[in-house]
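Reading through the structure tokens given below for one structure.
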Amino acid sequence: MPEEQSTSRLEEIRAGRIAKVAKLRALGIDPYPTTFEGREPIADAREQPIDASVRVAGRIVLWRRHGGSTFAQLRDESGQLQIHLRKDVVGEERYELIKLLDVGDFLGVAGKLFTTKTGELTVGVEEFSILTKALLPLPEKWHGLTDPEIIVRKRHLAMIADATNADVLKQRAEFVRRMRAFLDGEGFIEVATPVLESIPGGADAEPFITHHNALDTDFYLRISLELAHKRLIVGGLERVYEIGRVFRNEGLGREHLQDYDLLEFYWAYADLEALKRLVERFYSSIIEGTFGTLKITYGDDELDFTPPWPEADYFELFRGIDVDLHQYPTAEALLPVAQKLGIKEAVSGMGRGRLIDVIYKRKIRPALIRPQFLVGHPVDISPLAKRDSADSSRVQRLQVLMAGSEVGNGFAELNDPLDQRERFEEQQRLREAGDKEAQRLDEEFLEALEYGMPPTAGFGVSIERFFMYLTNSPTIRDVVAFPLTRPLE
RNA sequence: GGGCCCGUAGCUCAGCGGUAGAGCAACGGACUUUUAAUCCGAUGGUCGCGGGUUCGAUCCCCGCCGGGCCCCCCA
């Protein structure tokens, strides 16, 4: 006697639904018709008066059969509406078809609005037609999906189970739309620059490597947009911006992705003060436009973006932890200070910039909660920014901070080609000393600067990072449709 | 890359050395205004994968795979 074939529940359900598809076809009904003429969004239908005829379509998300009468919930992108099917209205033969329907299927219905005795707005269905037969069952109606792995790997399913997944994506679209609208309104033009680069530049990060077959050459995926934009400024454009995907070969974490959308803009003949005022107006516009307020809640914190924002000075903050950066002009001098502060990742061989950066990120940044500018960074951590004319160890730079995190970075762009070359050479030395994220010397960029770049202010912000904080999302993956996952098998 | 935790039915979860359970969904039936509808019935499992210990492993041990949180890196 042969072993009974083990069939999983899922396979049984799927087989049962495929059989229903066949039954529908046998009855001359197409389970996958092309359209449903004259449909209106459910949200619009809900605005209609009682007794109005409506024609709506959507996914069946709830299904309650009571013999000769059946209630169901239909959901489209705009909303959800109850429908009521009655044997005596649609006819016995049509009513039998509901046995071939399942939660998850798409249905189109026409009928008149009424209110049930419990007060729920409902379509009294006169006609209905199946629009799409689903083969796989939906998650459980009460608890929905909670498995974080499925939520990330099968976002489409998570969106069906919980529409707030889709709401975040819609809100992000609005946020980005307002970014463009603001910058367009300020006379910036949107440009597109290459994703594949010979030398990745403009940021401290490890790149991804890819290969071009026809040229038989390796290329890097860009880590920022900066250098290409400055070449456009050299070329004569005065206000440019781009919203583009960048790629950084780094670890994953609650506020880190390996690919994300960076907004950068570059503004010729503007200085740091002008940039601050523009950034305040820009953030006010996109935040208030998208969320209807400038007061944002993140975790336990109330964050108010109403300008003008307070300003914190980089060197002052260090003095606040009893470190005068001017007293430690070299890495060797600074290292014992970092170690005394208990920063375990401070080791010999690190450059001065890295040491300063790690002290800042460990001891200072976590306390910068309210929206504010951070200004006056050391030149060591800002190889592309113009020096402060009053103190050449510092640069004309601003960062936007909120909730202990960076949500914006800009500076007066370094346009002295000889100084830029020296900064790159210093970065080069750091690379050779083992700093994988030190920047690379880009001859083409240096040559462009030698043709002359007007005084320029530039600014960049990670859209996902910023948006994560604005939406009070616990992790950055929550604001991305399909975050990277390890492949299965 | 390191530390801790998790993986049982399509989904949400119990069980934790002795023949694998519940709710929802699905299947058959009753029910023409329900709201997680209700009621009756019958199903459904390589207990992530591979080794080991044991008379016996979903359970204990080791390894692997996938995931989460915290570090590291970074916006």
Side-chain angles (χ1 to χ4, degrees), chain A residues 3-4 6-17 19-20 61-73 82-90 95 99 102-104 114-120 122 124 134-154 157-158 160-161 202-206 223-224 246 248-264 344-345 354 357-358 361-362 365 399-401 405-409 435-437 460-469 474-477 485-489:
Chain A
E3 283 276 317
E4 185 135 340
S6 157
T7 315
S8 75
R9 174 48 42 127
L10 184 62
E11 284 162 349
E12 273 178 49
I13 291 170
R14 185 166 172 272
R17 294 198 179 189
K20 288 177 180 175
V61 292
L62 218 57
W63 194 232
R64 285 188 282 268
R65 291 182 55 190
H66 305 269
S69 160
T70 295
F71 288 94
Q73 290 282 342
Q82 180 165 268
I83 63 171
H84 187 217
L85 292 126
R86 293 169 55 128
K87 193 192 280 188
D88 59 1
V89 175
V90 300
Y95 194 77
K99 289 184 179 165
D102 291 288
V103 170
F114 73 101
T115 308
T116 63
K117 56 180 165 188
T118 50
E120 178 151 357
T122 304
L135 300 184
L136 295 173
L138 260 32
E140 200 244 1
K141 63 187 169 192
W142 189 241
H143 300 92
L145 266 186
T146 61
D147 183 337
E149 181 168 358
I150 301 180
I151 289 173
V152 167
R153 286 191 189 273
K154 302 186 184 179
L157 196 54
I160 295 168
D204 296 354
E206 278 194 75
I223 56 175
S224 91
V246 298
R248 299 187 179 182
N249 209 337
E250 294 157 355
L252 293 79
R254 60 169 281 277
E255 56 172 15
H256 291 273
L257 299 164
Q258 61 299 305
D259 62 299
Y260 61 94
D261 276 322
L262 198 55
L263 162 75
E264 292 197 29
K344 54 184 182 301
E345 50 271 63
R354 285 274 170 266
D357 198 43
V358 74
K361 283 173 178 165
R362 286 274 159 260
R365 195 175 67 182
Q399 283 182 307
V400 183
L401 279 299
S405 191
E406 178 192 334
V407 292
N409 179 33
D435 185 343
K436 288 195 178 76
E437 285 161 9
V461 56
S462 155
I463 292 176
E464 285 83 356
R465 167 73 62 77
F466 194 19
F467 196 63
M468 163 196 169
Y469 283 105
T475 85
I476 199 164
R477 289 155 74 93
T485 51
R486 207 182 286 269
L488 295 171
E489 286 156 301

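Per chain, numbering begins at 1; letters A, B, ... match sequence-line order.
Between rG7(B) and rC49(B), the two C1' atoms lie 11 Å apart (nearest whole Å). Nucleotides rU32(B) and rA14(B) have their P atoms positioned 39 Å apart, rounded to a whole Å. Separation of the C1' atoms belonging to rG29(B) and rA42(B) is 11 Å when rounded to the nearest angstrom. The same atom, C1', is picked in rC59(B) and in rU54(B); the two are 13 Å apart, to the nearest Å. Taking the P atoms as reference points, rC61(B) lies 28 Å from rC71(B), given to the whole Å. Only the P atoms considered, rG15(B) is 12 Å distant from rC60(B), to the nearest whole Å. With P as the reference atom, rG41(B) and rG56(B) are 40 Å apart, rounded to whole Å. Rounded to whole Å, the C1' atom of rG21(B) lies 10 Å from the corresponding atom of rU8(B).
Not one side-chain nitrogen or oxygen of Arg65(A) sits closer than 4.0 Å to the OP1 or OP2 atom of rC31(B). Checking the phosphate oxygens (OP1, OP2) of rA26(B), no side-chain nitrogen or oxygen of Lys99(A) falls inside 4.0 Å. OP1 or OP2 of rA25(B) sits under 4.0 Å from a side-chain N or O of Lys141(A). Between Thr146(A) and the phosphate of rU12(B), there is a side-chain N or O to OP1/OP2 separation shorter than 4.0 Å. Look at Lys20(A) and you'll find a side-chain N or O under 4.0 angstrom from OP1 or OP2 of rC27(B). Contact annotation: Arg153(A) side-chain N/O to rG67(B) OP1/OP2 distance is under 4.0 Å. Applying the 4.0 Å criterion to OP1 and OP2 of rC73(B), one finds that Arg354(A) has every side-chain N and O outside that range.
At a threshold of 4.0 angstrom between heavy atoms, the contacts of Asp88(A) include nucleobase atoms, whether or not backbone atoms are also involved. Among the heavy atoms of the strands, none lies under 4.0 Å from Leu138(A). Backbone-only contact: Arg477(A) has heavy atoms under 4.0 Å from sugar-phosphate atoms and none from a base. Across all strands shown, Lys436(A) has no heavy atoms under 4.0 Å from either base or sugar-phosphate atoms. Residue contacts shown for Gly460(A) are absent, as no nucleic acid heavy atom lies under 4.0 Å away. Within 4.0 Å of Tyr260(A), counting heavy atoms only, lies at least one base atom of the nucleic acid. Glu464(A) comes within 4.0 angstrom of no nucleic acid atom, judged by non-hydrogen atoms across all strands. Contacts of Gly251(A) with the nucleic acid, taken as non-hydrogen atoms under 4.0 Å apart, include base atoms. Counting any heavy atom pair closer than 4.0 Å across all strands shown, Thr475(A) reaches sugar-phosphate atoms only and no base atom.
Here the side chains of Ile223(A) and Glu206(A) are not in contact, with every heavy-atom distance at 4.5 Å or above. Considering only heavy atoms from C-beta on, Glu437(A) comes within 4.5 Å of Asp435(A) through its side chain.
rU12(B) and rA22(B) make up a base pair, with Watson-Crick or G-U wobble contacts both under 3.5 Å. Base pairing of rC60(B): its partner is rG52(B), meeting the Watson-Crick or G-U wobble criterion (both donor-acceptor distances under 3.5 Å). Applying the Watson-Crick and G-U wobble criteria (two distances, each under 3.5 Å), rG7(B) pairs with rC65(B). Checking rC39(B) for Watson-Crick or G-U wobble geometry (two distances, each under 3.5 Å) identifies rG29(B) as its partner.
With hydrogens and angles left out, the side-chain atoms of Thr115(A) and Glu120(A) include no donor and acceptor closer than 3.5 Å.
Salt bridge annotation for Arg248(A)-Asp259(A): absent, with no cationic side-chain nitrogen under 4.0 angstrom from a carboxylate oxygen.
Taking both residues in full, the closest heavy atoms of Gly253(A) and Ile476(A) are given as O-CG2, 4.0 Å, listed atom of the first, atom of the second, then distance. Nearest heavy-atom pair, Ala205(A) versus Glu250(A), reported as atom, atom and distance to 0.1 Å: CB-OE2, 3.5 Å. Shortest non-hydrogen contact noted between Ser462(A) and Leu262(A) is N-CD1, 3.8 Å. Closest non-hydrogen pair, Ser69(A) versus Tyr95(A), comes out as N-OH, 2.8 Å. Heavy atoms only, all atoms of each residue included: Leu138(A) and Gly104(A) are closest at CD2-CA, 3.7 Å.
Which of rU32(B), rU34(B), rC69(B) sits closest to the side chain of Lys87(A) comes down to rU32(B). Taking every side-chain heavy atom of Thr116(A) into account, rU33(B) is the closest of rG10(B), rA26(B), rU33(B). Nearest to the side chain of Glu250(A), among rA36(B), rC73(B), rU32(B), sits rC73(B). Nearest to the side chain of Glu140(A), among rG67(B), rC69(B), rC11(B), sits rC11(B). Side-chain atoms of Ile13(A) lie closest to rA26(B) of the nucleotides rU34(B), rA26(B), rU33(B).
By the neighbour-count criterion of 12 heavy atoms within 6.0 Å, atom CZ of Arg14(A) is sparsely surrounded, having that number or fewer from other residues, nucleotides or ligands.
With RNA chain B read from its 5' end, the first of the two nearest nucleotides for Leu62(A) and Ala205(A) is the one closest to Leu62(A).
One interatomic measurement links the two molecules: CD of Glu206(A) to P of rG1(B), which rounds to 13 Å at whole-angstrom precision. Per the geometry, CD belonging to Glu120(A) stands 13 Å off C1' belonging to rA37(B), to the nearest Å. Per the geometry, CZ belonging to Arg254(A) stands 14 Å off C1' belonging to rG68(B), to the nearest Å. rU12(B) atom C1' lies 10 Å from atom CG of Leu145(A), rounded to whole Å. Atom CD1 in Ile151(A) sits roughly 12 Å away from atom C1' in rC11(B) (whole-Å rounding). Taking atom CD of residue Glu437(A) and atom C1' of nucleotide rC73(B), one finds them 6 Å apart after rounding to whole Å. Summarising the geometry, the separation between CG on Leu10(A) and P on rG44(B) is reported as 16 Å, rounded to the nearest angstrom. Atom-to-atom, CZ of Arg486(A) to C1' of rG68(B) comes out at 13 Å; the value is rounded to the nearest Å.
With hydrogens and angles left out, the side chain of Thr122(A) and the base of rU33(B) share no donor-acceptor pair within 3.5 Å.
Between His84(A) and Phe114(A), the two ring planes are tilted [angle within 30° to 60°].
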For nucleotides 41-43 of chain B, print each protein N/O atom paired with a nucleotide N/O atom at under 3.5 Å, atom names and distance only.
{"from": "rU43(B)", "atom 1": "O2", "to": "Arg9(A)", "atom 2": "NH1", "distance (Å)": "3.1"}
{"from": "rU43(B)", "atom 1": "O2", "to": "Arg9(A)", "atom 2": "NH2", "distance (Å)": "2.2"}

